[in-house]
There are 2 protein chains.
Amino acid sequence: MSGDRGPRRRRRPEEAERAILAAARAFLEERPFREMTVEGVMVRTGLSRPAFYAYFRDRYDLITRLLEGIGGLLFALDWRWLSGGADGGEAREVLVDALRAGSQTFVDYGPVLRAIADAAGYDARVEEVYRYGLIERLVVAVGSRISRDVEAGISPGELDPEQTARALVLMTERYLLDAFGRPERRPSRRERAVVFGTLEEIWVRTLYGRA
Amino acid sequence: MSGDRGPRRRRRPEEAERAILAAARAFLEERPFREMTVEGVMVRTGLSRPAFYAYFRDRYDLITRLLEGIGGLLFALDWRWLSGGADGGEAREVLVDALRAGSQTFVDYGPVLRAIADAAGYDARVEEVYRYGLIERLVVAVGSRISRDVEAGISPGELDPEQTARALVLMTERYLLDAFGRPERRPSRRERAVVFGTLEEIWVRTLYGRA
DNA sequence: CCTGTTATTGACATTACGTCAATAGACACG
DNA sequence: CGTGTCTATTGACGTAATGTCAATAACAGG
């Protein structure tokens with residue numbers, strides 16, 4: 001008897017919505033976004049496919065909500081960057097700290113973040129949220145920090161603060177996705193250390209010169 | 001009279017194939033890959049949609065062929081990197097040279113390269129060709145160059161050659177796509193100079209220290 | 001035990017895909 | 001010039017996934 005889903009069950013909307021989000025996350029831990037279909041997510045919830053549309057406009061809306069859940073963690077990086085004072089030694093420490101936190105977020109939520117990044121290529125709305133709500137936001141934060149450090153004489157004046165910020169942020173995003181964004185491949189502690197060390201080296205050498 | 005495509009016309013296979021590739025390129029100069037449908041490409045050729053499948057397996061096969069057309073240009077960067085001697089001053093010049101050539105390729109073929117990068121998120125075969133046939137190839141080339149420079153004492157020993165290469169290559173790819181990959185936005189000479197300067201600054205400071 | 005609300009779903013319309021047998025250009029040959 | 005052959009081309013079909021909606025049935029409150 002295939003398709004026997006048992007008797008109907010009625011949940012509170014909020015509960016059903018959470019179940020769908022959880023199912024999507026679980027799905028993306030196993031398979032990439034390109035294979036994620038509405039049906040494929042909904043079978044994991046015990047609900048029918050049309051039920052999905054009672055809670056989400058489409059799968060891109062779903063992805064956007066997943067991003068909201070993680071977004072908060074990355075927003076925390078904003079003020080870490082901005083809060084640091086502009087005196088020599090501290091600037092580097094603040095940077096390393098923020099990089100470590102960012103890397104950890106990618107270790108924890110790699111596949112989901114990867115899915116969001118992929119979905120940005122599929123849908124204009126997701127691209128909007130991802131690019132302007134996350135990436136661009138980080139670029140602005142990092143850029144203003146670089147700008148301050150340049151004015152304070154800690155960082156070299158040849159750097160264009162905003163462009164340098166954009167290049168470094170994009171590097172960090174793609175490099176971390178490359179390292180931690182594949183489903184079914186938990187990185188070892190050693191791998192994580194090498195990845196983090198590489199990012200630190202490039203950021204520090206670019207902004208503050210040799211260690 | 002919609003749909004009137006006039007009398008059938010018969011072309012030589014090679015000619016039809018070139019027409020399709022050209023139509024795809026033209027399409028991607030105007031609209032992103034996510035909107036590219038087989039029908040949308042074929043109307044520009046005067047052929048019917050099914051004709052497409054006589055020449056390409058699907059639109060990802062088409063994208064792969066487009067990449068082949070540009071790939072040669074980027075392969076040239078391989079040996080630029082490797083051919084350079086390992087004496088101090090020259091290493092930097094070779095790097096700057098290769099960066100400039102790479103940037104120019106993105107200026108010339110930005111939207112197509114962007115489409116290929118997007119398509120890599122859609123299809124496993126395209127991802128394979130893009131990641132392993134292009135990105136990874138550049139990573140290896142750059143990595144072995146860095147390795148040589150580290151051994152020669154030109155670059156700092158803290159760098160992990162392969163990982164540093166990967167981070168820098170990914171940065172360059174995404175940053176150039178960001179700058180030159182949007183359809184309908186030809187970059188000004190000034191913009192190009194800023195983008196190129198930023199890349200140069202990060203690469204040089206990372207690998208060879210302050211200018 | 002009813003009854004109204006609403007979460008849930010079966011069934012439908014749509015779009016893009018990939019295939020294939022049938023059609024009709026163009027060239028070769030008489 | 002016919003005329004026949006080859007094959008580029010296409011109409012028509014089956015499939016997969018999407019998004020919608022009227023009908024259904026689970027649960028809460030009386």
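Each chain gets a letter, A, B and so on, in the order the sequences are listed, and its residues count up from 1. Values below: all heavy atoms of this structure, side chains included; hydrogens, waters and symmetry mates excluded.
In this entry the distance linking OH of A/Tyr60 with C1' of D/dT18 reads 10 Å, nearest Å. One interatomic measurement links the two molecules: CD of A/Glu39 to C1' of C/dT9, which rounds to 12 Å at whole-angstrom precision. As rounded to whole Å, 17 Å separates atom C1' of C/dC17 from atom CZ of B/Phe56. Going from atom CD of A/Glu15 over to atom C1' of C/dT6 covers 15 Å, rounded to whole Å. At whole-Å resolution of the value, CZ in B/Arg12 and C1' in D/dC6 are 16 Å apart. Nucleotide C/dT8 holds its C1' atom 16 Å from the CD atom of A/Glu17, rounded to whole Å. For B/Arg11 and C/dC27, the CZ to P distance is 15 Å, given to the nearest whole Å. In this entry the distance linking CG of B/Asp123 with P of C/dC17 reads 13 Å, nearest Å.
When all heavy atoms of A/Ser155 and A/Leu207 are compared, the pair lying nearest together is OG-O, 2.8 Å. B/Asp149 approaches B/Arg145 most closely through the heavy-atom pair OD1-NH1, 2.7 Å.
The side chain of A/Asp58 lies closest to D/dG19, out of C/dA7, D/dG19, C/dA24. The nucleotide whose nearest atom lies closest to any side-chain atom of A/Leu47 is, among D/dA8, C/dT9, D/dT18, C/dT9. Side-chain proximity of A/Pro13 to the nucleotides D/dG11, C/dA11, C/dA7 is greatest for C/dA7.
Side-chain atoms of B/Arg49 and base atoms of D/dG11 include no donor and acceptor less than 3.5 Å apart. Evaluation of atom-type donor-acceptor distances gives no pair under 3.5 Å for the side chain of B/Arg9 against the base of D/dT9. A/Arg8 contributes a side-chain N or O that forms a donor-acceptor pair with the base of D/dT24 under 3.5 Å.
No donor-acceptor distance shorter than 3.5 angstrom exists from the side chain of B/Thr45 to the backbone of B/Val41, with no hydrogens or angles considered. Panel note: side chain A/Arg59, backbone A/Thr37; no donor-acceptor pair is recorded below 3.5 Å.
Nearer the 5' end of DNA chain C, as judged by each residue's closest nucleotide, is the contact made by B/Phe52, out of B/Arg10 and B/Phe52.
Look at B/Glu127 and A/Arg114 and you find a salt bridge, because one of the NZ, NE, NH1 or NH2 atoms lies within 4.0 Å of a carboxylate O, short of that distance. Salt bridge annotation for A/Arg125-A/Asp61: absent, with no cationic side-chain nitrogen under 4.0 angstrom from a carboxylate oxygen.
With 3.5 Å as the limit, one finds a donor-acceptor pair spanning the side chains of A/Glu173 and A/Tyr130.
Within the structure, a side-chain polar atom (N or O) of A/Tyr53 is placed less than 4.0 Å from OP1 or OP2 of D/dG19. A sub-4.0 Å separation between OP1 or OP2 of D/dT9 and a side-chain N or O of B/Tyr55 is present. Under 4.0 angstrom from either OP1 or OP2 of D/dG11 there lies no side-chain N or O belonging to B/Ser48.
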*Are A/Phe33 and A/Tyr122 close enough, and set up right, to give a ring-ring contact (aromatic ring centres under 6.0 Å, His included), and what steps lead you there?*
CA-CA 10 Å; A/Phe33 175 74; A/Tyr122 281 68; 5.1 Å; yes

Taking N or O atoms only and anything under 3.5 Å, show me the protein contacts with nucleotides 1-3 of chain D, one pair per line.
none

